[in-house]
Amino acid sequence: MGLSDFETVVLGNGEVSVRDRRTGEIMHPGLGPRREAELLYVEQTKLAGRLEAPEPTPLRVLDVGLGAANNALAVIECARRVKGRALHLTSLEQDDGPLRLVLSEPSRFPAQAAHRELLETLLDRRRVEAPGLRWTWLEGDALQALPRLDGPQDVICFDPFSPEANPGLWSVDALARFRRVLVPGGILSTYSTSTRTRVTLLLAGFWVGAGAAAAVKKETTVASDGPAVLDVPLGARWLQRWRRSSARSPHGVAVLTPELEQAVLAHPQFATGGGSPC
Ligand SMILES: C[S@@+](CC[C@H](N)C(=O)[O-])C[C@H]1O[C@@H](n2cnc3c(N)ncnc32)[C@H](O)[C@@H]1O
């Protein structure tokens, strides 16, 4: 695919991960790949419960930024433990470099080495079919790929690089496009906890909640189409902090306009009785 410039890096806690040399960004820098994938994209999305639900349809999970496949493999391993609904996993990625890198160093990346056959099939054919699993890689730019999804998604594992390194995927317009492919009651989980990310998600039409704590971050972020699946929806206290914040505008917008400010304040999440005190 010809874009790659990735290298292996050892994190402070001894875990091995991947760094993009062009931006200096490291994948899963906080807890390391295994724990972060499990916490943010399996536990926080309540994936096991969704797989156990007595539904005749497959559970659709959208993996935004396949990278070295840590999140995708954590999702697949959860589905194999639960043995419930079939899993239709779609990964979006424009660069096969991270995956090729981790497969070339099996002793440093045992999680990927344990699924070598699966990952090599995905690299070769962009599609894996196994009992209970259909895994598709839609190659190229993530936004361009969205119209090719096989249907609305139950879970979105939103793991691009940071808004600074990856601005195209963090704008209001981009996140609104992800919002449109989410089923009612679906959930998007992401590591970013910044005020700007949360404002962007609100303006993109999501309801937004605090997620679990990951490493140095006090919490992470989850978003949905309403309050039902959010354990800790942002409420009056967050809105107060946002009013005082020096970073009130969404990603990609330098200064908050009165229209955008009004749109945040009028979000149903903050209507009287609608929000939590958090
Ligand atoms: C933080 S890494 C993902 C780590 C991965 N989820 C894992 O579990 O190993 C972000 C990934 O997003 C990809 N990416 C960035 N912008 C993209 C875009 N516009 N379309 C598709 N992929 C993109 C990068 O190539 C990179 O592999």
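Counting convention: from 1, in listed order, for ligands and their atoms alike.
- With respect to the salt-bridge test (charged N to carboxylate O, under 4.0 angstrom), the residues R126 and E93 do not qualify.
- The existence of a salt bridge linking R85 and E55 is excluded, since no basic side-chain nitrogen approaches an acidic carboxylate oxygen closer than 4.0 Å.
- Here F158 and W170 bring their ring centres to under 6.0 angstrom of each other.
- Protein residues with a heavy atom closer than 4.0 Å to ligand 1 are M27, H28, G65, L66, G67, A68, A69, N70, N71, E93, Q94, D95, P98, G140, D141, A142, D159, P160, F161, N166, L169, listed by chain and number.
- By the salt bridge (charged side-chain N to carboxylate O under 4.0 Å, His left out) test, E25 is found to be paired with no residue, residues two or more places apart in sequence or in another chain being considered.
- Ion pairing between R196 and E164 fails under the 4.0 Å rule for side-chain N and carboxylate O.
- R108 places a side-chain heavy atom less than 4.5 Å from the side chain of V10.
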